[in-house]
Amino acid sequence: MCPAALHLRPLAVDDLSDIIAIEEQTFLGDAWPESVYRRELDNPLASYYMLELVSGEPGDAAGRPKGVVLGYAGFWIVDLEAHLMTIAI
């Protein structure tokens, strides 16, 4: 068995169920719906990342290790500035 490790990677549509679960627990009554995340993932100004704890065990059919989502963040790059849109741990 491999040791667990933290993994920061770009957010994908397949991650949205995990992200929405954290979103709803974190931003009670003010959570973004999944449709907003889907739109943001298509936004050329936006970058969204997720942090997961990866077990090191064999993962899915694509070879990605199985992980537990710990948090996420998103920002827009406008001119020479980054604008934080959301963050939750």
Side-chain angles (χ1 to χ4, degrees):
M1 182 165 98
C2 297
L6 291 176
H7 186 206
L8 182 66
R9 66 173 176 81
L11 190 65
V13 171
D14 292 346
D15 303 316
L16 289 180
S17 62
D18 292 324
I19 298 307
I20 296 303
I22 295 171
E23 177 85 7
E24 290 174 349
Q25 292 174 11
T26 304
F27 301 108
L28 302 173
D30 198 28
W32 286 3
E34 185 174 326
S35 61
V36 170
Y37 280 97
R38 287 182 177 275
R39 190 171 54 245
E40 284 294 284
L41 290 175
D42 287 334
N43 181 346
L45 298 176
S47 296
Y48 284 78
Y49 291 89
M50 61 180 279
L51 180 66
E52 61 186 340
L53 182 63
V54 178
S55 68
E57 296 297 317
D60 63 15
R64 292 179 300 200
K66 187 169 180 73
V68 175
V69 179
L70 301 176
Y72 58 92
F75 55 92
W76 283 19
I77 300 294
V78 180
D79 294 323
L80 297 175
E81 300 176 346
H83 295 264
L84 184 63
M85 302 305 291
T86 189
I87 188 167
I89 302 291

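Sequential numbering from 1 along the given sequence is applied to the chain's residues.
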What about [X] and [Y], same hydrophobic cluster or not, with Ile/Leu/Val/Met/Phe/Trp/Tyr joined at side-chain heavy-atom distances under 4.5 Å?
| X | Y | answer |
| --- | --- | --- |
| I87 | V68 | no |
| M85 | V13 | yes |
| L41 | V78 | yes |
| V36 | Y48 | yes |

I need the [X] [atom1] to [Y] [atom2] distance, nearest 0.5 Å.
| X | Y | atom1 | atom2 | result |
| --- | --- | --- | --- | --- |
| D18 | L11 | CG | CG | 9.5 Å |
| M50 | I22 | CE | CD1 | 7.5 Å |
| W32 | I20 | CH2 | CD1 | 10.0 Å |
| Y37 | T86 | OH | OG1 | 4.0 Å |

Side-chain heavy atoms of [X] within contact of [Y], under 4.5 Å:
| X | Y | answer |
| --- | --- | --- |
| R9 | D15 | yes |
| V54 | E52 | yes |
| T26 | I89 | no |

| Smallest separation among heavy atoms of F27 and A88, with atom names |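 Where F27 meets A88 most closely, the heavy atoms are CE1-CB, 4.2 Å.
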What donor-acceptor contacts under 3.5 angstrom involve side-chain atoms of residues 69-76, with partners at least two apart or in another chain?
unit_1, atom_1, unit_2, atom_2, d
Y72, OH, E23, OE1, 2.3
W76, NE1, E40, OE1, 2.7

| said: Could you check whether any side-chain N or O of N43 sits under 3.5 Å from a backbone N or O of L45, counting only pairs where one atom can act as donor and the other as acceptor? | reply: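 Yes; at least one donor-acceptor contact below 3.5 Å.
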| Results of side chain to side chain donor-acceptor pair (under 3.5 Å) for R39 - residues two or more places apart only |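 Expected list: none.
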| request: State which residues pass side chain to side chain donor-acceptor pair (under 3.5 Å) with E34; sequence neighbours excluded, sorted by chain then number. | output: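 Result, side chain to side chain donor-acceptor pair (under 3.5 Å) vs E34: R38.
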